[in-house]
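Down below is the structure, laid out as structure tokens.
We count residues from 1, following the sequence as given.
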Amino acid sequence: MDGVVAESRPTGSIRSKLYVSKRPKQSEAEAAVRTLIEWAGDDPDREGLRGTPERVVRAYEEFFAGYREDPIALLATTFVETAACDEVIILRDIRLESHCEHHIVPILGKVHVGYLPAGRVVGISKLARLVEVFAKRMQIQEALTTQIADTIQDVLSPRGVGVVIEAAHQCMTTRGIRKPGVSMVTSRMLGCFRDDPTSRQEFLMMIGSLGSTSHCL
């Protein structure tokens, strides 16, 4: 695959300008890994490392699969709202596995997603998949929070959207300042969750984060 279409960093709307980047060949990616192994001070041809470049490239295919998926298409199939779907819908504790765009090391945590429908609902598995698509890109947590919330708002047009992410960043725990046990909390509130304190409080209470959230608005 010589080319890939990817979204540029959103600036408020998920329909931001697209760019096309030329994707290197697998052999070129493997050569780059060999160079990094040599730079680290080891021999890429020794027995234990002989297959490492290929394994790393395969791992990157999995880690960053989100660049090859369309988050808007995930939410395209919706269902007509029924009387049972006029309250807040929340998916809690979605496992988050992403990579910091500054050092390409893991970000591990959980995501809470909720919305108040306004006519249409989406299958809950699609919310988890939406999180995964954006997480499987090089990220900063603040942008990831915004991308998830804005996509739900733009595609489903609900009365309100709330996204809260709690995560540990290994760029902080395993290098640099080296402070293990620290987690970062970000949120994005839209619609009634932003404008109505009662709705906002209900959402935060339901995810168990009332009073502990710093907001990325």
Legend entry - Where S199 and C192 come nearest, the two heavy atoms and their spacing: CB-O, 3.7 Å
Inset, instruction - Taking all heavy atoms of V105 and all of C171, pick out the closest pair and write down the distance. - result: CG2-N, 3.3 Å
Legend entry - E61/R58 ion pair, N-O < 4.0 Å: no
Inset, instruction - Give, for atom CD1 of I148 and atom CG of L96, the distance between the pair rounded to the nearest 0.5 Å. - result: 7.5 Å
Legend entry - OG-CZ distance between S187 and R194, expressed to the nearest 0.5 angstrom: 10.0 Å
Legend entry - pair R188-Q153: side-chain heavy atoms closer than 4.5 Å: no
Inset, instruction - Determine yes or no for a side-chain-to-main-chain donor-acceptor pair under 3.5 angstrom, with R120 supplying the side chain and V155 the backbone. - result: no
Legend entry - Expected output: side-chain R137 to main-chain G66 donor-acceptor under 3.5 Å: yes
Inset, instruction - Flag the pair E69 and R129 as a salt bridge only when some basic side-chain nitrogen lies within less than 4.0 angstrom of an acidic carboxylate oxygen. - result: yes
Inset, instruction - Check the pair E62 / K136 against side-chain contact (heavy atoms from CB on, under 4.5 Å), numbers first and verdict last. - result: CA-CA 8 Å; E62 186 174 340; K136 288 194 170 184; 4.3 Å; yes
Inset, instruction - Considering non-hydrogen atoms only, spot the tightest contact between M138 and F64 and give its length. - result: CG-CE2, 3.6 Å
Legend entry - Separation of E54 CD from S27 OG (nearest 0.5 Å): 11.5 Å
Legend entry - side chain to side chain donor-acceptor pair (under 3.5 Å) assessment of Q141 paired with T186: CA-CA 7 Å; Q141 185 174 324; T186 52; 3.1 Å; yes
Inset, instruction - Working to the nearest 0.5 Å, report the span between OG1 of T198 and CZ of R200. - result: 12.0 Å
Inset, instruction - State the NZ-CD1 distance between K110 and I165, to the nearest 0.5 angstrom. - result: 12.5 Å
Legend entry - Q26 side-chain N/O to V57 backbone N/O, donor-acceptor pair under 3.5 Å: no
Legend entry - Close side-chain approach of L190 to D150, heavy-atom, < 4.5 Å: yes
Legend entry - Residues T173, V182; criterion side-chain contact (heavy atoms from CB on, under 4.5 Å); working and verdict: CA-CA 8 Å; T173 62; V182 177; 5.7 Å; no
Legend entry - Candidate pair V122 and I152, rule side-chain contact (heavy atoms from CB on, under 4.5 Å), full reasoning: CA-CA 10 Å; V122 69; I152 296 171; over 6 Å; no
Inset, instruction - Determine the minimum heavy-atom distance between L130 and P71, stating which atoms define it. - result: CD1-CB, 3.6 Å
Legend entry - same_hphob_cluster(M172, L108) at 4.5 Å side-chain heavy-atom cutoff: no
Inset, instruction - Go through F193 and L204 one step at a time and tell me if the side-chain contact (heavy atoms from CB on, under 4.5 Å) criterion holds. - result: CA-CA 9 Å; F193 293 155; L204 293 175; over 6 Å; no
Inset, instruction - State, to 0.1 Å, how close P117 and P158 come at their nearest heavy-atom pair, and which atoms those are. - result: CA-CB, 4.3 Å
Inset, instruction - For a side-chain contact (heavy atoms from CB on, under 4.5 Å) with M189, tell me which candidate from V164, D195, V161, D196 qualifies. - result: V164
Legend entry - Minimum heavy-atom distance between S98 and A135, given as atom pair plus value: OG-O, 2.6 Å
Inset, instruction - Could you tell me whether a side-chain N or O of Y115 sits under 3.5 Å from a main-chain N or O of V121, the two making a donor and an acceptor? - result: no
Inset, instruction - Report yes if the distance between the aromatic ring centroids of H112 and F203 is under 6.0 Å, otherwise no. - result: no
Legend entry - Note, E142 side chain near M184 side chain (heavy atom, < 4.5 Å): yes
Inset, instruction - Give a yes or no on whether I124 atom CD1 has more than 12 heavy-atom contacts from other residues, nucleotides or ligands under 6.0 Å away. - result: no
Legend entry - Basic-acidic side-chain contact under 4.0 Å: E30, R34: no
Inset, instruction - Inspect the surroundings of CD in E28 and state if more than 12 heavy atoms from other residues, nucleotides or ligands are less than 6.0 Å away. - result: yes
Legend entry - Reported CD1-to-CD distance for the pair I90 and E202, which is rounded to 0.5 angstrom: 7.0 Å
Legend entry - Flag side-chain contact, heavy atom, 4.5 Å: V33 against Y60: no
Inset, instruction - With the side chain counted from C-beta on, respond yes when I140 and H102 share a heavy-atom pair under 4.5 Å apart, and no when they do not. - result: yes
Legend entry - I104 side chain near F63 side chain, heavy-atom distance below 4.5 Å: no
Inset, instruction - May I ask whether I72 and L144 are part of the same hydrophobic cluster, defined by side-chain heavy atoms of I, L, V, M, F, W, Y residues being less than 4.5 angstrom apart, directly or through others? - result: yes
Legend entry - pair C100-Q170: side-chain heavy atoms closer than 4.5 Å: no
